[in-house]
Trainee: 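Structure in structure tokens, see below.
Nothing here was measured: the structure is a model prediction, and the numbers come from that model. Per chain, numbering begins at 1; letters A, B, ... match sequence-line order.
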Amino acid sequence: MTIIETPAGWPADEEEALAVQDALRARVVLDEPGPAPGTGLVTGVDVAYDDERDLVAAAAVVLDARTLDVVEEATAVGRVSFPYVPGLLAFRELPAVLAALDTLTAGPGLVVCDGYGLAHPRRFGLASHLGVLTGLPVVGVAKNPFTFTHEDPAPRRGSTAPLLAGAQEVGRALRTRDGVKPVFVSVGHRVTLDAACAHTLALTPRYRLPETTRLADALCRRALREATAGQGSAA
DNA sequence: GCGACAG
DNA sequence: ATCTTGTCGC
């Protein structure tokens, strides 16, 4: 496991963060199909917090996209560097995620993260931001709707309903299990929405959430526990 | 102005 | 995100 270093020039407040989103938004690539679902590597990333101790832990779990077997794992621990602000989640999560990704031996392949990409107030959510900073293909799979309205998808696995920003489809509510609440998929970088949904379905043979998300979630929580173990909160 | 609001 | 008991169902 590694220690997180906040990237140089990382925004210190909301105003700077908004300016960064404005500057980077144009670098998002939306016209590449991305890797074929079920092939190569897929990497899940997630972050857990201990606000009490001002600690954050990130995990990256690399899977064989065909078998969903774990190929490699990485974690990183450090200090929280930005508060949670809706629309600015990337500034809170990415330093930790980047640190974890940096320690991977193999290329991560396609990255799946919790949260949104294009389906964002300024069309530059966490998944897009991560894609632009790393150059990797990234998709966002969120557990809850953000600010976009949508119809309820049909009850069968695979059914979708568009997330609409006016007339633009910025993402999809995707049913990954029969009769279970959908997940919310959007494009991050270098992947199409169709492919992002196909990847999400390939990663959900059994549960509502992608295996990548489940494994990364479990791993970053464990990393946080281990970082906390034995450490009193003495000042 | 007020409420809603990924993790 | 995180705090938390029991409970319903396969």
Trainee: Send over the distance from A:Arg92 CZ to B:dC5 P, rounded to a whole Å.
Mentor: 18 Å
Trainee: Heavy atoms under 4.0 Å, any strand shown: does A:Ala119 hit a base, just sugar-phosphate, or nothing?
Mentor: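 Answer is nothing: A:Ala119 stays at 4.0 Å or more from every strand.
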Trainee: Counting any heavy atom closer than 4.0 Å, what does A:Pro145 reach on the DNA or RNA strands: base, sugar-phosphate only, or nothing?
Mentor: sugar-phosphate
Trainee: Using atom CZ of A:Arg221 as one end and atom C1' of C:dC3 as the other, report the distance to the nearest whole Å.
Mentor: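 That distance rounds to 11 Å.
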Trainee: Under a plain distance cut-off of 3.5 Å, with no hydrogens placed, do A:Thr105 and A:Glu72 share a side-chain donor-acceptor pair?
Mentor: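 Looking only at side-chain atoms, A:Thr105 and A:Glu72 do form a donor-acceptor pair, the distance falling under 3.5 Å.
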Trainee: In Å and rounded to the nearest 0.5 Å, what is the CG to CZ distance from A:Asp31 to A:Arg190?
Mentor: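 Separation between the atoms: 10.5 Å.
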Trainee: Rounded to the Å, how far apart are A:Glu52 CD and C:dT2 P?
Mentor: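 That distance rounds to 14 Å.
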Trainee: Does A:Tyr84 stack onto the base of C:dA1, taking stacking as ring centres under 5.5 Å apart and planes under 30° apart?
Mentor: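 Base of C:dA1: not stacked against A:Tyr84.
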Trainee: Which value, rounded to the nearest 0.5 Å, describes the distance between A:His129 atom NE2 and A:Leu126 atom CG?
Mentor: 9.0 Å
Trainee: Grab the CZ-C1' distance between A:Arg222 and C:dT2 for me, whole Å please.
Mentor: 20 Å
Trainee: With heavy atoms under 4.0 Å as the rule, sort A:Gly140 into base, sugar-phosphate or nothing.
Mentor: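 Since no nucleic acid heavy atom lies under 4.0 Å of A:Gly140, the category is nothing.
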Trainee: Both distances under 3.5 Å, Watson-Crick or G-U wobble: on that basis, could you give the dot-bracket string for DNA chain B, with [ ] for crossing pairs and | for other-strand partners?
Mentor: .......
Trainee: Pick base, sugar-phosphate or nothing for A:Asp46, based on heavy-atom distances below 4.0 Å to the nucleic acid.
Mentor: sugar-phosphate
Trainee: Under 4.0 Å between any heavy atoms, over every strand shown, what does A:Leu224 touch: base, sugar-phosphate, or nothing? Just pick one.
Mentor: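 Contact class for A:Leu224: none.
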Trainee: Base, backbone or nothing for each nucleotide of nucleotides 5-10 of chain C, written B, S, -, heavy atoms under 4.0 angstrom, 5' to 3'?
Mentor: ------
Trainee: What orientation do A:Tyr116 and A:Phe146 show, parallel under 30°, tilted 30 to 60°, or perpendicular over 60°?
Mentor: parallel
Trainee: For A:Tyr49, answer base if it contacts any base atom (sugar-phosphate contacts may also be present), sugar-phosphate if it contacts only those atoms, and nothing otherwise; contact means non-hydrogen atoms under 4.0 Å.
Mentor: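 Sugar-phosphate, no base atom in range.
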